[in-house]
Amino acid sequence: LNMLWGKHEIIPLLLEYRGWRKLQSTYTEGFSKILIYGKKYGKVYGEFNQMGTDTGRFSSSNPNLQNLPRDSEEIQFRRIFCAPDGYVMVDADYSQLEMRLLAHYSRDQNLLDGFNAGIDAHTSTASVMFDVPYTQVTKKQRQIAKNINFGLSYGAGIGKLAKMLGTSKEFAREMWELHHSKYQGIVKWKASVLKQCQQDMFVRTIIGRKRRLWDIHSQDPEVRGHAERQAVNAIIQGSAADIAKEAMHLLHKKFKNDGLKILSVLH
């Protein structure tokens with residue numbers, strides 16, 4: 001439907017309906033059942049699965065606490081979660097961890113220069129791509145750069161990037177090639193990852209955890225292309241998962257050592 005945007009006046013209405021219906025079925029109806037169950041015990045326990053994804057990132061279910069829609073004037077699902085009396089909720093996150101890992105692995109000078117200057121990674125990427133001062137980067141340029149950066153981290157291909165940008169594959173390819181022309185360090189690193197993966201048929205995360213990719217030698221170009229994208233994705237996303245889990249462990253340990261009474265998702 002997104003690809004048909006502008007073709008007919010009913011398309012945006014269908015997309016809006018689909019969005020509201022998803023919120024109703026997943027959150028309004030789904031959470032109502034969970035909250036009724038929770039009243040008996042006073043708490044709602046989500047499930048956090050340590051190996052719920054191929055890269056090793058946490059996944060969450062019953063309910064999915066990692067995929068709550070952002071609060072707005074119309075939607076305020078996050079407000080139904082609150083800490084018990086005497087407690088506060090603590091939220092900790094790394095700033096653009098995947099992009100920092102990409103800079104760490106690729107040693108791309110443009111990427112490193114942006115971080116060293118303290119510039120937002122997506123603004124910095126747009127500045128380099130479109131050859132404009134970072135103070136003059138437009139919202140549209142930053143959005144294009146942001147989608148490409150996420151595409152690099154998540155192993156997206158041209159088709160996926162086109163959907164993320166809401167454009168044709170031709171435009172997505174043009175932007176992808178423009179980015180690659182300015183970030184040769186990333187291009188060379190990706191090539192080295194694929195070469196090593198073709199030899200070993202696996203890649204390693206920052207702590208040495210393996211992700212095997214048997215399809216790296218597939219005769220089917222589509223299957224092989226997917227494995228090639230996953231090789232890069234597994235290193236960046238997998239390493240981010242490793243760092244996040246270690247940080248959670250250290251934070252949990254520090255809270256206990258400091259004598260703070262905690263209710264942790266690590267229990």
Side-chain angles (χ1 to χ4, degrees), residues 1-2 12-101 120-123 139 142-143 146-147 149-151 153-154 156 160 163-166 236-237 240-256 258 260-267:
L1 287 174
N2 280 314
L13 296 175
L14 286 171
L15 286 169
E16 183 181 3
Y17 172 79
R18 182 178 180 276
W20 284 110
R21 183 68 188 95
K22 170 70 174 176
L23 292 173
Q24 181 185 25
S25 61
T26 303
Y27 301 106
T28 305
E29 296 172 0
F31 275 38
S32 294
K33 298 174 184 176
I34 295 169
L35 290 171
I36 290 171
Y37 170 82
K39 286 179 180 177
K40 184 177 179 181
Y41 301 97
K43 295 185 178 72
V44 174
Y45 291 92
E47 296 175 9
F48 289 89
N49 312 301
Q50 285 226 46
M51 299 304 294
T53 65
D54 290 335
T55 58
R57 298 181 75 185
F58 273 115
S59 67
S60 177
S61 55
N62 300 321
N64 183 350
L65 298 174
Q66 293 178 309
N67 197 33
L68 298 174
R70 292 184 180 277
D71 282 355
S72 64
E73 290 185 10
E74 300 88 2
I75 305 166
Q76 296 184 354
F77 286 112
R78 296 190 180 196
R79 293 185 64 184
I80 66 176
F81 295 95
C82 58
D85 290 342
Y87 287 84
V88 293
M89 282 190 175
V90 177
D91 178 28
D93 194 11
Y94 281 103
S95 172
Q96 299 174 328
L97 177 56
E98 289 84 359
M99 292 302 300
R100 294 178 190 276
L101 280 164
D120 166 74
H122 308 314
T123 302
K139 287 184 178 180
R142 185 183 182 279
Q143 189 61 44
K146 182 178 181 178
N147 283 320
N149 284 338
F150 279 131
S153 299
Y154 287 89
K160 177 66 173 179
K163 289 182 180 179
M164 292 168 68
L165 293 172
I236 300 299
Q237 291 293 315
D242 294 342
I243 292 171
K245 287 178 181 178
E246 176 65 7
M248 291 173 71
H249 168 70
L250 293 174
L251 193 60
H252 181 268
K253 185 177 180 180
K254 177 173 174 54
F255 281 169
K256 293 191 75 172
D258 288 352
L260 297 172
K261 189 176 180 183
I262 56 174
L263 299 174
S264 169
V265 296
L266 292 182
H267 285 172

R142: what forms a side chain to side chain donor-acceptor pair (under 3.5 Å) with it, not counting sequence neighbours? D120, T123
Counterpart residues, side chain to side chain donor-acceptor pair (under 3.5 Å), relative to D85 (two or more places apart): none
Report yes or no: is the cationic atom of K245 (NZ for Lys, CZ for Arg) closer than 6.0 Å to the six-membered ring centre of F58, at no more than 45° off its axis? yes
Going through the distances and angles, do Y17 and L13 end up as a side chain to side chain contact (heavy atoms under 4.5 Å, CB included)? CA-CA 6 Å; Y17 172 79; L13 296 175; over 6 Å; no
Is the shortest side-chain heavy-atom distance between Y87 and K261 below 4.5 Å? yes
Scanning both residues in full, the closest heavy-atom pair of E98 with A240 reads OE2-CB, 4.0 Å
How close do Q66 and S60 get, counting heavy atoms only, and between which atoms? OE1-N, 3.3 Å
Which residues pass the side chain to side chain contact (heavy atoms under 4.5 Å, CB included) test with A244, not counting sequence neighbours? none
Kindly indicate whether the side chain of I243, heavy atoms from C-beta on, has any atom under 4.5 Å from the side chain of L101. yes
Counting only heavy atoms not in R18 (residues, nucleotides, ligands), do more than 12 fall under 6.0 Å from its CZ? no
Could you tell me which residues satisfy side chain to side chain contact (heavy atoms under 4.5 Å, CB included) with N49, sequence neighbours excluded, listed by chain and number? E47, S59, S61
I'd like to check the side chain to side chain contact (heavy atoms under 4.5 Å, CB included) partners of K160; sequence neighbours left out, ordered by chain and number. A156, M164
Rounded to the nearest 0.5 Å, how far apart are CE of M99 and NE2 of H122? 7.0 Å
Qualifying residues under side chain to side chain contact (heavy atoms under 4.5 Å, CB included), relative to D93, sequence neighbours excluded: none
Supply the atom-to-atom distance R21 CZ to T26 OG1, rounded to the nearest 0.5 angstrom. 8.5 Å
Does L68 offer a backbone N or O that forms a donor-acceptor pair with the side chain of R78 under 3.5 Å? yes
